Number of protein chains: 2
Amino acid sequence: MARATTSHDWAEHAGRRLADAGYRRGGARSAVVELLARQGCALTALDIERQLEDSDRGVARATVYRVLEELEQLGVVGRVEVGDKLSRYEPLHPDGAQHHHHLVCDRCGELVPFHDDELERAIATVARRVAFEVSDHDVTLHGVCADCAAKA
Amino acid sequence: MARATTSHDWAEHAGRRLADAGYRRGGARSAVVELLARQGCALTALDIERQLEDSDRGVARATVYRVLEELEQLGVVGRVEVGDKLSRYEPLHPDGAQHHHHLVCDRCGELVPFHDDELERAIATVARRVAFEVSDHDVTLHGVCADCAAKA
DNA sequence: ATCAGTGCAAAACATTTGCAGCATG
DNA sequence: CATGCTGCAAATGTTTTGCACTGAT
(Lines give C-alpha, C1' and ligand atoms only; values in the text may rest on other atoms or scores of the structure.)
Protein backbone atom coordinates (compact mmCIF):
# COMPACT_ATOMS: atom_id res chain seq x y z
CA MET A 1 0.00 0.00 0.00
CA ALA A 2 1.24 3.46 -0.95
CA ARG A 3 2.38 5.90 1.72
CA ALA A 4 -0.14 8.66 2.37
CA THR A 5 0.65 11.88 0.56
CA THR A 6 1.94 14.63 2.86
CA SER A 7 1.71 18.39 2.58
CA HIS A 8 5.34 18.51 1.59
CA ASP A 9 4.72 15.95 -1.12
CA TRP A 10 1.92 18.10 -2.39
CA ALA A 11 4.07 21.21 -2.68
CA GLU A 12 6.59 19.16 -4.62
CA HIS A 13 3.88 17.65 -6.76
CA ALA A 14 2.44 21.06 -7.53
CA GLY A 15 5.87 22.45 -8.31
CA ARG A 16 6.53 19.62 -10.73
CA ARG A 17 3.23 20.09 -12.50
CA LEU A 18 3.91 23.80 -12.83
CA ALA A 19 7.38 23.17 -14.23
CA ASP A 20 6.07 20.54 -16.65
CA ALA A 21 3.50 23.00 -17.88
CA GLY A 22 6.29 25.44 -18.66
CA TYR A 23 5.69 27.90 -15.86
CA ARG A 24 8.62 29.81 -14.46
CA ARG A 25 9.19 29.83 -10.74
CA GLY A 26 8.18 33.30 -9.60
CA GLY A 27 8.22 34.31 -5.97
CA ALA A 28 4.52 35.03 -5.75
CA ARG A 29 3.55 31.70 -7.22
CA SER A 30 5.81 29.80 -4.84
CA ALA A 31 4.46 31.73 -1.88
CA VAL A 32 0.89 30.73 -2.72
CA VAL A 33 1.84 27.09 -3.26
CA GLU A 34 3.72 26.93 0.02
CA LEU A 35 0.88 28.51 1.92
CA LEU A 36 -1.61 26.08 0.45
CA ALA A 37 0.66 23.17 1.29
CA ARG A 38 0.63 24.18 4.94
CA GLN A 39 -3.17 24.44 5.09
CA GLY A 40 -5.33 21.49 6.02
CA CYS A 41 -8.58 22.70 4.62
CA ALA A 42 -10.00 25.05 2.02
CA LEU A 43 -9.08 28.75 2.02
CA THR A 44 -10.64 31.78 0.40
CA ALA A 45 -8.59 33.81 -2.06
CA LEU A 46 -8.87 36.67 0.39
CA ASP A 47 -7.71 34.47 3.27
CA ILE A 48 -4.67 33.65 1.21
CA GLU A 49 -4.00 37.28 0.40
CA ARG A 50 -4.30 38.25 4.05
CA GLN A 51 -2.10 35.45 5.35
CA LEU A 52 0.60 36.22 2.84
CA GLU A 53 0.36 39.90 3.69
CA ASP A 54 1.08 39.10 7.32
CA SER A 55 4.02 36.90 6.39
CA ASP A 56 7.21 38.07 4.75
CA ARG A 57 6.06 37.70 1.16
CA GLY A 58 2.98 39.72 0.22
CA VAL A 59 1.23 38.84 -2.98
CA ALA A 60 -1.16 41.09 -4.89
CA ARG A 61 -4.78 40.02 -4.94
CA ALA A 62 -4.92 39.70 -8.70
CA THR A 63 -1.89 37.43 -8.61
CA VAL A 64 -3.44 35.21 -5.97
CA TYR A 65 -6.43 34.69 -8.24
CA ARG A 66 -4.23 34.10 -11.26
CA VAL A 67 -2.11 31.51 -9.48
CA LEU A 68 -5.17 29.74 -8.10
CA GLU A 69 -6.64 29.52 -11.57
CA GLU A 70 -3.44 28.00 -12.95
CA LEU A 71 -3.29 25.48 -10.13
CA GLU A 72 -6.91 24.57 -10.59
CA GLN A 73 -6.36 24.09 -14.33
CA LEU A 74 -3.45 21.79 -13.60
CA GLY A 75 -5.64 19.78 -11.27
CA VAL A 76 -3.49 20.30 -8.20
CA VAL A 77 -5.96 22.59 -6.50
CA GLY A 78 -9.68 22.11 -6.11
CA ARG A 79 -12.34 24.74 -5.71
CA VAL A 80 -14.96 24.30 -3.00
CA GLU A 81 -18.13 26.32 -2.68
CA VAL A 82 -20.11 25.87 0.47
CA GLY A 83 -22.86 28.37 -0.06
CA ASP A 84 -21.54 31.72 1.13
CA LYS A 85 -20.69 32.95 -2.37
CA LEU A 86 -16.96 32.76 -1.80
CA SER A 87 -14.75 30.30 -3.62
CA ARG A 88 -12.41 28.31 -1.44
CA TYR A 89 -9.34 26.48 -2.65
CA GLU A 90 -7.54 23.42 -1.32
CA PRO A 91 -4.69 21.12 -2.34
CA LEU A 92 -5.70 18.13 -4.45
CA HIS A 93 -3.47 15.12 -4.01
CA PRO A 94 -2.51 12.78 -6.86
CA ASP A 95 -4.66 9.70 -7.50
CA GLY A 96 -7.46 11.01 -5.35
CA ALA A 97 -5.48 10.53 -2.15
CA GLN A 98 -7.04 12.36 0.80
CA HIS A 99 -10.22 12.84 -1.17
CA HIS A 100 -12.82 14.25 1.19
CA HIS A 101 -15.93 16.35 1.53
CA HIS A 102 -16.99 19.07 3.94
CA LEU A 103 -19.14 19.80 6.95
CA VAL A 104 -20.05 23.46 7.24
CA CYS A 105 -21.19 25.09 10.44
CA ASP A 106 -23.91 27.51 9.39
CA ARG A 107 -23.48 29.32 12.69
CA CYS A 108 -19.75 30.08 12.78
CA GLY A 109 -18.67 29.10 9.29
CA GLU A 110 -16.22 26.44 10.40
CA LEU A 111 -15.22 23.98 7.71
CA VAL A 112 -14.45 20.38 8.68
CA PRO A 113 -13.38 17.70 6.23
CA PHE A 114 -14.70 14.14 6.36
CA HIS A 115 -14.48 11.00 4.30
CA ASP A 116 -16.79 8.03 3.98
CA ASP A 117 -16.28 4.99 1.81
CA GLU A 118 -19.90 4.03 1.61
CA LEU A 119 -20.81 7.52 0.51
CA GLU A 120 -18.19 7.32 -2.22
CA ARG A 121 -19.55 3.96 -3.30
CA ALA A 122 -23.09 5.30 -3.49
CA ILE A 123 -21.91 8.22 -5.59
CA ALA A 124 -19.98 5.94 -7.92
CA THR A 125 -23.11 3.85 -8.41
CA VAL A 126 -25.23 6.87 -9.23
CA ALA A 127 -22.55 8.12 -11.61
CA ARG A 128 -22.78 4.86 -13.54
CA ARG A 129 -26.56 5.07 -13.73
CA VAL A 130 -27.03 8.57 -15.15
CA ALA A 131 -26.74 9.82 -18.73
CA PHE A 132 -23.68 11.90 -17.89
CA GLU A 133 -19.98 11.26 -18.01
CA VAL A 134 -19.40 12.11 -14.39
CA SER A 135 -15.86 13.25 -13.67
CA ASP A 136 -16.12 14.81 -10.25
CA HIS A 137 -18.43 15.36 -7.33
CA ASP A 138 -18.94 17.49 -4.26
CA VAL A 139 -20.83 16.78 -1.07
CA THR A 140 -21.54 19.40 1.56
CA LEU A 141 -23.24 18.73 4.87
CA HIS A 142 -24.69 21.79 6.56
CA GLY A 143 -25.43 22.02 10.23
CA VAL A 144 -24.18 23.27 13.55
CA CYS A 145 -20.79 22.29 14.95
CA ALA A 146 -20.38 20.93 18.47
CA ASP A 147 -19.01 24.23 19.81
CA CYS A 148 -21.88 26.30 18.49
CA ALA A 149 -24.44 23.74 19.63
CA ALA A 150 -22.96 23.89 23.15
CA LYS A 151 -23.08 27.68 23.21
CA ALA A 152 -26.71 27.78 22.18
CA MET B 1 -49.05 6.77 0.67
CA ALA B 2 -49.21 10.55 0.33
CA ARG B 3 -49.84 12.12 -3.04
CA ALA B 4 -46.74 13.73 -4.58
CA THR B 5 -46.56 17.47 -4.06
CA THR B 6 -47.28 19.43 -7.20
CA SER B 7 -46.05 22.82 -8.35
CA HIS B 8 -49.43 24.26 -7.54
CA ASP B 9 -49.26 22.81 -4.08
CA TRP B 10 -45.93 24.47 -3.64
CA ALA B 11 -47.20 27.92 -4.60
CA GLU B 12 -49.98 27.47 -2.09
CA HIS B 13 -47.59 26.20 0.54
CA ALA B 14 -45.26 29.15 -0.02
CA GLY B 15 -48.15 31.59 0.09
CA ARG B 16 -49.33 30.15 3.38
CA ARG B 17 -45.89 30.36 4.92
CA LEU B 18 -45.58 33.96 3.79
CA ALA B 19 -48.96 34.84 5.26
CA ASP B 20 -48.16 33.05 8.53
CA ALA B 21 -44.96 35.03 8.77
CA GLY B 22 -46.98 38.21 8.50
CA TYR B 23 -46.03 39.22 5.00
CA ARG B 24 -48.52 41.14 2.91
CA ARG B 25 -49.39 39.90 -0.52
CA GLY B 26 -47.61 42.26 -2.91
CA GLY B 27 -47.66 41.83 -6.68
CA ALA B 28 -43.92 41.43 -7.08
CA ARG B 29 -43.68 38.76 -4.41
CA SER B 30 -46.53 36.76 -5.93
CA ALA B 31 -44.98 37.02 -9.37
CA VAL B 32 -41.73 35.52 -8.13
CA VAL B 33 -43.51 32.73 -6.26
CA GLU B 34 -45.62 31.85 -9.27
CA LEU B 35 -42.63 31.81 -11.57
CA LEU B 36 -40.72 29.55 -9.21
CA ALA B 37 -43.72 27.24 -8.94
CA ARG B 38 -43.69 26.74 -12.69
CA GLN B 39 -39.99 25.94 -12.84
CA GLY B 40 -38.70 22.41 -12.57
CA CYS B 41 -35.13 23.15 -11.64
CA ALA B 42 -33.01 25.86 -10.10
CA LEU B 43 -32.93 29.39 -11.55
CA THR B 44 -30.54 32.27 -11.00
CA ALA B 45 -31.85 35.59 -9.71
CA LEU B 46 -31.07 37.10 -13.08
CA ASP B 47 -32.96 34.34 -14.90
CA ILE B 48 -35.92 35.19 -12.76
CA GLU B 49 -35.60 38.90 -13.42
CA ARG B 50 -35.37 38.32 -17.17
CA GLN B 51 -38.29 35.89 -17.34
CA LEU B 52 -40.51 38.23 -15.38
CA GLU B 53 -39.44 41.13 -17.56
CA ASP B 54 -40.63 39.23 -20.64
CA SER B 55 -43.93 38.40 -18.99
CA ASP B 56 -46.61 40.88 -18.00
CA ARG B 57 -45.29 41.61 -14.53
CA GLY B 58 -41.75 42.94 -14.39
CA VAL B 59 -39.99 42.91 -11.03
CA ALA B 60 -36.99 45.01 -10.09
CA ARG B 61 -33.76 43.14 -9.56
CA ALA B 62 -33.41 44.24 -5.95
CA THR B 63 -36.90 42.98 -5.24
CA VAL B 64 -36.15 39.60 -6.78
CA TYR B 65 -33.22 39.24 -4.41
CA ARG B 66 -35.24 40.42 -1.44
CA VAL B 67 -38.08 37.99 -2.14
CA LEU B 68 -35.69 35.11 -2.67
CA GLU B 69 -34.05 35.82 0.65
CA GLU B 70 -37.40 35.82 2.44
CA LEU B 71 -38.43 32.57 0.81
CA GLU B 72 -35.12 30.98 1.66
CA GLN B 73 -35.47 32.11 5.27
CA LEU B 74 -38.92 30.55 5.43
CA GLY B 75 -37.49 27.31 4.10
CA VAL B 76 -39.70 27.18 1.03
CA VAL B 77 -36.87 27.93 -1.37
CA GLY B 78 -33.43 26.36 -1.46
CA ARG B 79 -30.24 27.86 -2.75
CA VAL B 80 -28.03 25.77 -5.01
CA GLU B 81 -24.47 26.65 -5.94
CA VAL B 82 -22.92 24.51 -8.62
CA GLY B 83 -19.60 26.23 -8.98
CA ASP B 84 -20.12 29.07 -11.43
CA LYS B 85 -20.39 31.72 -8.74
CA LEU B 86 -24.07 32.31 -9.32
CA SER B 87 -26.67 31.38 -6.76
CA ARG B 88 -29.59 29.41 -8.06
CA TYR B 89 -32.93 29.05 -6.32
CA GLU B 90 -35.55 26.31 -6.43
CA PRO B 91 -38.80 25.38 -4.69
CA LEU B 92 -38.44 23.24 -1.57
CA HIS B 93 -41.40 20.98 -0.90
CA PRO B 94 -42.71 20.23 2.59
CA ASP B 95 -41.42 17.14 4.38
CA GLY B 96 -38.54 16.75 1.99
CA ALA B 97 -40.81 15.69 -0.87
CA GLN B 98 -39.09 15.82 -4.24
CA HIS B 99 -35.75 16.14 -2.51
CA HIS B 100 -33.03 15.81 -5.12
CA HIS B 101 -29.49 16.72 -6.10
CA HIS B 102 -27.90 17.96 -9.29
CA LEU B 103 -25.82 16.91 -12.24
CA VAL B 104 -23.99 19.81 -13.86
CA CYS B 105 -22.63 19.75 -17.38
CA ASP B 106 -19.33 21.59 -17.19
CA ARG B 107 -19.45 22.07 -20.95
CA CYS B 108 -22.87 23.66 -21.51
CA GLY B 109 -23.96 24.40 -17.96
CA GLU B 110 -27.10 22.26 -18.11
CA LEU B 111 -28.55 21.36 -14.73
CA VAL B 112 -30.27 18.00 -14.29
CA PRO B 113 -31.88 16.82 -11.06
CA PHE B 114 -31.54 13.27 -9.77
CA HIS B 115 -32.46 11.30 -6.69
CA ASP B 116 -30.97 8.18 -5.18
CA ASP B 117 -32.15 6.41 -2.06
CA GLU B 118 -28.90 4.67 -1.33
CA LEU B 119 -27.04 7.97 -1.57
CA GLU B 120 -29.49 9.50 0.89
CA ARG B 121 -29.02 6.56 3.22
CA ALA B 122 -25.23 6.89 3.07
CA ILE B 123 -25.49 10.59 3.87
CA ALA B 124 -27.83 9.93 6.78
CA THR B 125 -25.33 7.45 8.17
CA VAL B 126 -22.47 9.90 7.92
CA ALA B 127 -24.60 12.60 9.50
CA ARG B 128 -25.14 10.36 12.52
CA ARG B 129 -21.44 9.65 12.83
CA VAL B 130 -19.99 13.18 12.85
CA ALA B 131 -19.77 15.72 15.68
CA PHE B 132 -22.22 18.04 13.95
CA GLU B 133 -25.94 18.48 14.11
CA VAL B 134 -26.46 18.01 10.40
CA SER B 135 -29.60 19.67 9.10
CA ASP B 136 -29.12 19.71 5.37
CA HIS B 137 -26.87 18.50 2.58
CA ASP B 138 -25.99 19.12 -1.03
CA VAL B 139 -24.53 16.79 -3.60
CA THR B 140 -23.31 17.96 -7.00
CA LEU B 141 -22.02 15.66 -9.71
CA HIS B 142 -19.91 17.36 -12.36
CA GLY B 143 -19.34 15.99 -15.81
CA VAL B 144 -20.40 16.15 -19.41
CA CYS B 145 -23.99 15.66 -20.49
CA ALA B 146 -24.96 13.23 -23.26
CA ASP B 147 -25.49 16.00 -25.82
CA CYS B 148 -22.10 17.59 -25.24
CA ALA B 149 -20.38 14.22 -25.19
CA ALA B 150 -21.97 13.40 -28.58
CA LYS B 151 -20.84 16.72 -30.08
CA ALA B 152 -17.26 16.21 -28.95
C1' DA C 1 -53.79 56.37 7.63
C1' DT C 2 -50.14 53.39 8.48
C1' DC C 3 -46.54 50.54 7.50
C1' DA C 4 -44.98 46.91 4.50
C1' DG C 5 -43.64 46.36 -0.36
C1' DT C 6 -41.38 48.02 -4.38
C1' DG C 7 -38.43 50.41 -7.83
C1' DC C 8 -34.55 52.97 -8.85
C1' DA C 9 -29.93 54.34 -8.31
C1' DA C 10 -25.91 53.93 -5.87
C1' DA C 11 -22.95 51.05 -3.03
C1' DA C 12 -20.49 46.95 -1.76
C1' DC C 13 -18.45 42.82 -2.81
C1' DA C 14 -15.52 39.26 -4.95
C1' DT C 15 -13.29 38.46 -9.11
C1' DT C 16 -11.12 39.65 -13.72
C1' DT C 17 -8.55 42.30 -16.97
C1' DG C 18 -5.15 45.86 -18.95
C1' DC C 19 -1.01 47.52 -18.82
C1' DA C 20 3.59 48.90 -17.36
C1' DG C 21 7.69 47.39 -15.02
C1' DC C 22 10.42 43.51 -12.90
C1' DA C 23 12.85 39.20 -12.88
C1' DT C 24 13.65 34.46 -14.41
C1' DG C 25 15.69 31.26 -17.54
C1' DC D 1 17.51 40.09 -23.23
C1' DA D 2 13.15 38.16 -24.27
C1' DT D 3 9.26 36.63 -22.28
C1' DG D 4 6.78 35.25 -18.59
C1' DC D 5 5.49 37.03 -13.94
C1' DT D 6 3.73 40.52 -10.91
C1' DG D 7 1.59 44.64 -8.98
C1' DC D 8 -1.43 48.27 -9.36
C1' DA D 9 -5.56 50.35 -10.86
C1' DA D 10 -9.54 50.11 -13.35
C1' DA D 11 -13.36 47.27 -15.08
C1' DT D 12 -16.85 43.72 -14.48
C1' DG D 13 -20.84 41.30 -12.77
C1' DT D 14 -23.56 39.87 -9.01
C1' DT D 15 -25.68 40.97 -4.93
C1' DT D 16 -26.97 44.49 -1.30
C1' DT D 17 -28.51 48.81 0.55
C1' DG D 18 -30.67 53.65 0.94
C1' DC D 19 -34.34 56.18 0.08
C1' DA D 20 -38.55 57.85 -1.82
C1' DC D 21 -42.95 56.38 -3.41
C1' DT D 22 -46.76 53.11 -3.97
C1' DG D 23 -50.16 50.05 -2.33
C1' DA D 24 -52.25 46.57 0.87
C1' DT D 25 -54.73 46.12 5.17
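Keep in mind that this is a model prediction, so the values were computed, not measured.
Partners of A:D136 under the salt bridge (Lys or Arg N to Asp or Glu O under 4.0 Å) rule, at least two apart in sequence or in another chain, do not exist in this structure. For A:E53, there are no salt bridge (Lys or Arg N to Asp or Glu O under 4.0 Å) partners two or more places apart in sequence or in a different chain.
Residue pairs meeting the side-chain hydrogen bond (donor to acceptor under 3.5 Å, both in side chains) criterion with at least one member in residues 140-152 of chain B, sequence neighbours excluded, are B:D106-B:H142. Among residues at least two apart or in separate chains, side-chain hydrogen bond (donor to acceptor under 3.5 Å, both in side chains) pairs with a member in residues 77-87 of chain B are B:E72-B:R79, B:E81-B:S87, B:D84-B:R88.
The nucleotide range of DNA chain C contacted by chain B, defined by atoms under 4.0 angstrom from heavy atoms of the protein and reported 5' to 3', is C:dC3 to C:dT16.
With respect to A:D47 and A:R50, a salt bridge is recorded, a charged nitrogen being found less than 4.0 Å from a carboxylate O.
B:L103 is not connected to B:V82 by any chain of hydrophobic side-chain contacts under 4.5 Å among Ile, Leu, Val, Met, Phe, Trp and Tyr, and they are in different clusters. Cluster annotation: A:I123 and A:L92 are assigned to distinct hydrophobic clusters (Ile/Leu/Val/Met/Phe/Trp/Tyr, side-chain heavy-atom contacts under 4.5 Å, transitive). Residues B:Y65 and B:L43 are members of separate hydrophobic clusters, defined by side-chain heavy-atom contacts under 4.5 angstrom among Ile, Leu, Val, Met, Phe, Trp and Tyr. Note on A:V144: it does not cluster hydrophobically with B:V134, by side-chain heavy-atom contacts below 4.5 Å among ILVMFWY residues. Tracing side-chain contacts under 4.5 Å through hydrophobic residues (I, L, V, M, F, W, Y), one reaches A:F132 starting from A:V126; they form part of the same cluster.
Rounded to whole angstrom, the span from the CD atom of A:E53 across to the P atom of D:dC8 amounts to 10 Å.
Taking a 4.0 Å limit (strictly below) on heavy-atom distances, residues 105-113 of chain B does not reach DNA chain C anywhere. DNA chain C is contacted by A:R24, A:R25 of residues 18-40 of chain A, taking any non-hydrogen atom closer than 4.0 Å.
Between B:H102 and B:C41 the shortest side-chain heavy-atom distance falls below 4.5 Å. Two residues are said to be in side-chain contact when any heavy atoms from C-beta on lie closer than 4.5 Å; B:E90 and B:Q98 fail this criterion. Residues B:V76 and B:H13 are in side-chain contact: their nearest non-hydrogen atoms beyond the backbone lie under 4.5 Å apart.
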Under 3.5 Å, sequence neighbours excluded: what are the donor-acceptor pairs made by side chains of residues 24-36 of chain B?
{"unit_1": "B:R29", "atom_1": "NE", "unit_2": "B:E70", "atom_2": "OE1", "d": "2.9"}
{"unit_1": "B:R29", "atom_1": "NH1", "unit_2": "B:R24", "atom_2": "O", "d": "2.8"}
{"unit_1": "B:R29", "atom_1": "NH2", "unit_2": "B:E70", "atom_2": "OE1", "d": "3.2"}
{"unit_1": "B:R29", "atom_1": "NH2", "unit_2": "B:E70", "atom_2": "OE2", "d": "3.1"}
{"unit_1": "B:S30", "atom_1": "OG", "unit_2": "B:G26", "atom_2": "O", "d": "2.9"}

Under 3.5 Å donor-acceptor pairs involving side-chain atoms of residues 110-119 of chain B, not counting sequence neighbours:
{"unit_1": "B:H115", "atom_1": "ND1", "unit_2": "B:H99", "atom_2": "O", "d": "3.0"}
{"unit_1": "B:H115", "atom_1": "NE2", "unit_2": "B:D117", "atom_2": "OD1", "d": "3.0"}
{"unit_1": "B:D116", "atom_1": "OD1", "unit_2": "A:R129", "atom_2": "NH1", "d": "2.6"}
{"unit_1": "B:D116", "atom_1": "OD2", "unit_2": "B:E118", "atom_2": "N", "d": "3.2"}
{"unit_1": "B:D116", "atom_1": "OD2", "unit_2": "B:L119", "atom_2": "N", "d": "2.8"}

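Considering CD of B:E69 and CG of B:L71, their distance stands at 10.0 Å, rounded to 0.5 Å. Rounding to the nearest 0.5 angstrom, the gap separating the CG atom in B:L46 from the CZ atom in B:R61 is 4.5 Å.
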Enumerate the protein-to-nucleotides 19-22 of chain D contacts in which both atoms are nitrogen or oxygen and the separation is below 3.5 Å.
none

For nucleotides 12-16 of chain D, give me every protein contact, N/O to N/O, under 3.5 Å, one pair per line with atom names.
{"unit_1": "D:dT15", "atom_1": "OP1", "unit_2": "B:S87", "atom_2": "N", "d": "3.1"}
{"unit_1": "D:dT15", "atom_1": "OP2", "unit_2": "B:Y65", "atom_2": "OH", "d": "2.4"}
{"unit_1": "D:dT15", "atom_1": "O5'", "unit_2": "B:Y65", "atom_2": "OH", "d": "3.1"}
{"unit_1": "D:dT15", "atom_1": "O3'", "unit_2": "A:K85", "atom_2": "NZ", "d": "3.4"}
{"unit_1": "D:dT16", "atom_1": "OP1", "unit_2": "A:K85", "atom_2": "NZ", "d": "3.1"}

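Note that the two end axes of the helix from C:dA1-D:dT25 to C:dG25-D:dC1 enclose an angle of 30°, each drawn from 5 base pairs, rounded to 10 degrees.
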